[in-house]
There are 2 protein chains.
Amino acid sequence: MPILSLDAIDMRILSALQWNGRLSNVDLAVEVGLSPSPCLRRVRLLEEGGYISGYRAMLGRESLGLGLTVFVGIKVERHDDESASALENKIDSMPEVVACHLVSGESDYLLEVVVPDLVSYERFLRNTLLKLPMVRDITSNFAIHRVKSESPLPLTHLVKSAGA
Amino acid sequence: MPILSLDAIDMRILSALQWNGRLSNVDLAVEVGLSPSPCLRRVRLLEEGGYISGYRAMLGRESLGLGLTVFVGIKVERHDDESASALENKIDSMPEVVACHLVSGESDYLLEVVVPDLVSYERFLRNTLLKLPMVRDITSNFAIHRVKSESPLPLTHLVKSAGA
DNA sequence: ATCTAAAGTGGCAGATAATTCCAATTTCAT
DNA sequence: ATGAAATTGGAATTATCTGCCACTTTAGAT
């Protein structure tokens with residue numbers, strides 16, 4: 001909804017905060033070449049404009065005993081709006097599902113599920129996912145090794161020549 | 001590597017910071033029922049122990065002109081360690097790839113790619129992904145609608161009965 | 001039950017950062 | 001060029017961070 005009117009300094013602010021969300025405003029100001037006052041004002045505007053949607057501490061999955069990530073494909077029976085909304089609301093409320101997209105291709109929905117181990121996953125699959133209505137088929141692809149995840153977004157496409 | 005020795009207060013700290021990574025230490029202390037000093041000490045220990053791996057500002061993809069998310073499946077020719085490391089290093093260095101896992105099932109690698117639009121994706125696919133060595137096949141599944149993403153991790157499995 | 005040692009907590013104080021206000025500067029359109 | 005609007009920088013105030021130290025709680029041994 002907000003129209004892009006970000007200059008090079010805004011981009012540097014977004015990039016810096018995307019890599020270190022707890023950067024103090026003074027340090028951020030130095031990094032982007034501004035004094036603290038206008039820097040803070042820009043950050044607030046970026047927050048209010050929806051360019052920054054929030055801040056998160058990233059947790060160590062393995063350290064916290066969340067050793068298993070599963071990518072789950074779901075095919076549904078029908079695609080009418082009511083069924084879809086109902087399904088999506090239920091999925092949205094499942095804490096084990098850290099991401100879910102309606103996608104093209106083999107499956108209708110693609111989910112990323114995070115659980116402690118296989119036993120937990122089986123329980124989640126049987127008690128929760130397979131109990132969903134309108135589900136025709138479920139495919140589980142287990143993550144064997146994480147190359148990268150929760151990575152910052154690419155902003156290079158806006159760096160040169162301010163986007164429209 | 002770190003052994004779990006987190007009590008209920010640590011869990012509340014992790015949960016609170018996972019939802020709001022910029023919570024001030026004073027507010028965090030109130031929320032978890034501690035005074036600021038021990039609260040800050042716990043946060044530092046959680047950071048040093050790898051339970052908190054960093055902080056990120058979450059950016060609005062659509063607001064920033066990153067309207068297209070694609071889930072890409074890659075099948076590789078061979079699975080020896082050298083080839084895999086080389087491939088993974090290259091993938092890791094691609095800013096458009098915000099996540100990548102070695103997975104079981106149809107594909108060997110599953111990638112989440114974020115780009116402005118179809119034109120950008122085509123360019124990325126032709127100029128970057130298809131230029132990777134050892135790639136046998138690539139499948140692109142386009143995200144049509146985002147139900148949820150970048151969601152906090154489920155910590156309920158540790159809430160009651162402190163984990164070992 | 002008591003004692004002891006270790007760990008954890010709370011409050012204080014100096015240093016640092018956030019936030020507001022306003023004058024000065026820059027930007028932009030005319 | 002000229003004026004209006006937006007943006008900036010600095011000072012002052014307020015809030016927060018952070019290290020230090022004494023006190024309390026906890027756990028284990030006797």
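Proteins come first, then strands; the chains are lettered A, B, ... in the order of their sequence lines, and each starts at number 1. Both backbone and side-chain heavy atoms feed into the values below; hydrogens, waters and symmetry mates do not.
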Every protein N/O within reach of nucleotides 11-15 of chain D N/O, cut-off under 3.5 Å:
none

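Counting heavy atoms from C-beta on, the side chains of Leu132(A) and Ile91(A) come closer than 4.5 Å.
Remark: side-chain polar atoms of Lys148(B) are paired, donor with acceptor, to backbone N or O of Val97(A) under 3.5 angstrom. Proximity of a side-chain donor or acceptor of Asn25(A) to a complementary backbone N or O of Pro36(A) within less than 3.5 Å is detected.
Shown here are the side chain to side chain contact (heavy atoms under 4.5 Å, CB included) partners of Ser53(A), two or more places apart in sequence or in another chain: Met58(B). Phe71(A) pairs by the ring pair (Phe, Tyr, Trp, His ring centres under 6.0 Å) definition with His101(B), not counting sequence neighbours. Residues satisfying the side chain to side chain donor-acceptor pair (under 3.5 Å) test with Ser107(B), not counting sequence neighbours, are none.
In this entry the distance linking CG of Leu40(B) with P of dA15(C) reads 18 Å, nearest Å. Regarding Leu23(A), its CG atom lies at a distance of 14 Å from the C1' atom of dA18(C), rounded to whole Å. Nucleotide dT16(D) holds its C1' atom 13 Å from the CZ atom of Arg22(B), rounded to whole Å. The CG atom of Leu6(A) sits 12 Å away from the P atom of dT7(D) (whole-angstrom rounding). Spacing between atom CG of Asp7(B) and atom P of dT25(D) amounts to 17 Å, rounded to whole angstrom units.
For the pair Arg42(B) and dG8(C), the criterion of a side-chain N or O lying under 4.0 Å from OP1 or OP2 is not met.
Within 6.0 Å of NZ on Lys90(B) lie no more than 12 heavy atoms contributed by other residues, nucleotides or ligands. In Arg136(B), the CZ atom is crowded: over 12 heavy atoms of neighbouring residues, nucleotides or ligands sit closer than 6.0 Å.
Rounded to the nearest 0.5 angstrom, Thr156(B) OG1 and Met11(B) CE are separated by 9.0 Å.
Residue pairs meeting the salt bridge (charged side-chain N to carboxylate O under 4.0 Å, His left out) criterion with at least one member in residues 40-51 of chain A, sequence neighbours excluded: Asp7(A)-Arg42(A), Asp10(A)-Arg42(A), Arg44(A)-Glu47(A). The stretch residues 28-50 of chain A participates, sequence neighbours left out, in no ring pair (Phe, Tyr, Trp, His ring centres under 6.0 Å) pair at all. Within the structure, every pair that satisfies the ring pair (Phe, Tyr, Trp, His ring centres under 6.0 Å) test and touches residues 118-139 of chain B, not counting sequence neighbours, is listed here: Tyr121(B)-Phe142(B).
In the set dG9(D), dG10(C), dT18(D), dG10(C) carries the atom at the smallest distance from any side-chain atom of Leu34(B).
Contacts between residues 25-32 of chain A and DNA chain D, counted as heavy-atom distances below 4.0 Å, involve no residue at all. Shown for residues 12-20 of chain B: no residue has heavy atoms falling under 4.0 angstrom of DNA chain C.
With hydrophobic clusters built from ILVMFWY side chains whose heavy atoms lie under 4.5 angstrom apart, Ile9(A) shares a cluster with Leu155(A).
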Contacts table for residues 76-85 of chain B: side-chain donor-acceptor under 3.5 angstrom, sequence neighbours left out:
| from | atom 1 | to | atom 2 | distance (Å) |
| --- | --- | --- | --- | --- |
| Arg78(B) | NH1 | Asp80(B) | OD1 | 3.1 |
| Arg78(B) | NH2 | Ser83(B) | OG | 3.4 |
| His79(B) | NE2 | Asp108(B) | OD1 | 3.4 |
| Asp80(B) | OD1 | Ser83(B) | OG | 2.8 |
| Asp80(B) | OD2 | Ser83(B) | N | 3.3 |
| Asp80(B) | OD2 | Ser83(B) | OG | 2.7 |
| Ser85(B) | OG | Asp81(B) | O | 3.2 |

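Taking the charged nitrogens against the carboxylate oxygens, Arg61(B) and Glu112(B) do have a contact shorter than 4.0 Å, which makes a salt bridge. Look at Glu62(B) and Arg146(B) and you find a salt bridge, because one of the NZ, NE, NH1 or NH2 atoms lies within 4.0 Å of a carboxylate O, short of that distance.
Comparing the local axis fitted to the first five base pairs of the helix from dA1(C)-dT30(D) to dT30(C)-dA1(D) with the one fitted to its last five gives a bend of 50°, rounded to 10°.
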With the sugar-phosphate defined as primed atoms, P, OP1 and OP2, and the base as all remaining atoms, what B/S/- string results for nucleotides 22-28 of chain C, 5' to 3', for protein heavy atoms under 4.0 Å? -------

